Amino acid sequence: RYTGQHTGVLTLAQLSWLRWMQGDPDDARRRSQESLALAQEISHPLSVTMALFFSIWLHQFLHERDVVRARAQEVIT
């Protein structure tokens, strides 16, 4: 309501970082994907962008450069 992003999308995106910090990269990837799927499902552009932003950083943390490039291209598009 206050930031313009869907709360569920933002929460899942932040949870992905938390799960990475807790040492569970597989669950971090799942949470990130859930965030992206929810944002796309509700067709909310700002939430999609935020989910992509968090996903880009998560995959940067995981040294997955191909995913980072692909998601960055989605943001640019």
Side-chain angles (χ1 to χ4, degrees):
R1 175 177 175 192
Y2 298 107
T3 62
Q5 297 102 20
H6 186 276
T7 304
V9 172
L10 187 56
T11 301
L12 286 166
Q14 290 174 332
L15 182 58
S16 72
W17 283 15
L18 176 63
R19 296 301 291 143
W20 171 75
M21 288 180 216
Q22 291 175 327
D24 193 340
D26 293 332
D27 193 48
R29 286 183 194 93
R30 276 191 297 277
R31 301 305 178 172
S32 178
Q33 189 55 45
E34 289 173 13
S35 175
L36 287 164
L38 178 57
Q40 291 166 347
E41 179 183 321
I42 63 173
S43 298
H44 188 256
L46 189 53
S47 293
V48 171
T49 303
M50 184 59 62
L52 286 166
F53 168 80
F54 273 87
S55 178
I56 287 166
W57 276 102
L58 173 65
H59 291 284
Q60 181 71 23
F61 299 152
L62 295 169
H63 307 286
E64 297 172 347
R65 293 183 181 143
D66 292 338
V67 179
V68 171
R69 281 190 205 102
R71 299 273 161 82
Q73 187 58 48
E74 288 181 62
V75 171
I76 292 166
T77 301

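For clarity, every value in this text was computed on a predicted model and none was experimentally measured.
- In the hydrophobic clustering of ILVMFWY residues, with side-chain heavy atoms under 4.5 Å counting as a link, M50 and W17 come out together.
- Identified under the salt bridge (Lys or Arg N to Asp or Glu O under 4.0 Å) test for residues 52-63, with sequence neighbours left out: none.
- With hydrogens and angles ignored, the 3.5 Å screen pairs a side-chain donor or acceptor of T11 with a backbone N or O of T7.
- Under the side chain to side chain contact (heavy atoms under 4.5 Å, CB included) criterion, Q33 pairs with L36, R71, sequence neighbours left out.
- Applying the salt bridge (Lys or Arg N to Asp or Glu O under 4.0 Å) test to E64 and every residue at least two apart in sequence or in another chain returns R29.
- Evaluation of the salt bridge (Lys or Arg N to Asp or Glu O under 4.0 Å) test over residues 5-20, restricted to residues two or more places apart or in two chains, returns R19-D24, R19-D27.
- The minimum heavy-atom distance linking A28 with L58 is given by the pair O-CD2, 3.5 Å.
- Legend: salt bridge (Lys or Arg N to Asp or Glu O under 4.0 Å) pairs involving residues 32-44, not counting sequence neighbours, sorted by first then second residue: R31-E34.
- Between I56 and V68, the shortest heavy-atom distance links the atoms O-CG2, 3.6 Å.
- Listed by chain and number, the residues in a side chain to side chain contact (heavy atoms under 4.5 Å, CB included) with H44 are I42, L46, S47 (sequence neighbours excluded).
- Summarising the geometry of A39 relative to V48, their closest heavy-atom pair is O-CG2, 3.5 Å, with the distance given to 0.1 Å.
- Between F61 and W57, the ring-plane angle classifies as tilted under the 30° and 60° cut-offs.
- Following chains of ILVMFWY side-chain contacts shorter than 4.5 Å, one can reach M21 starting from F53, so the two form part of one hydrophobic cluster.
- Between atom CZ of residue F54 and atom OG of residue S35 there is a gap of 8.5 Å, rounded to the nearest 0.5 Å.
- Under a 4.5 Å side-chain heavy-atom criterion applied to ILVMFWY residues, the cluster that includes L15 comprises L18 as well.
- For the atom pair CZ (R65) and CD (Q60), the distance works out to 7.5 Å, reported to the nearest 0.5 Å.
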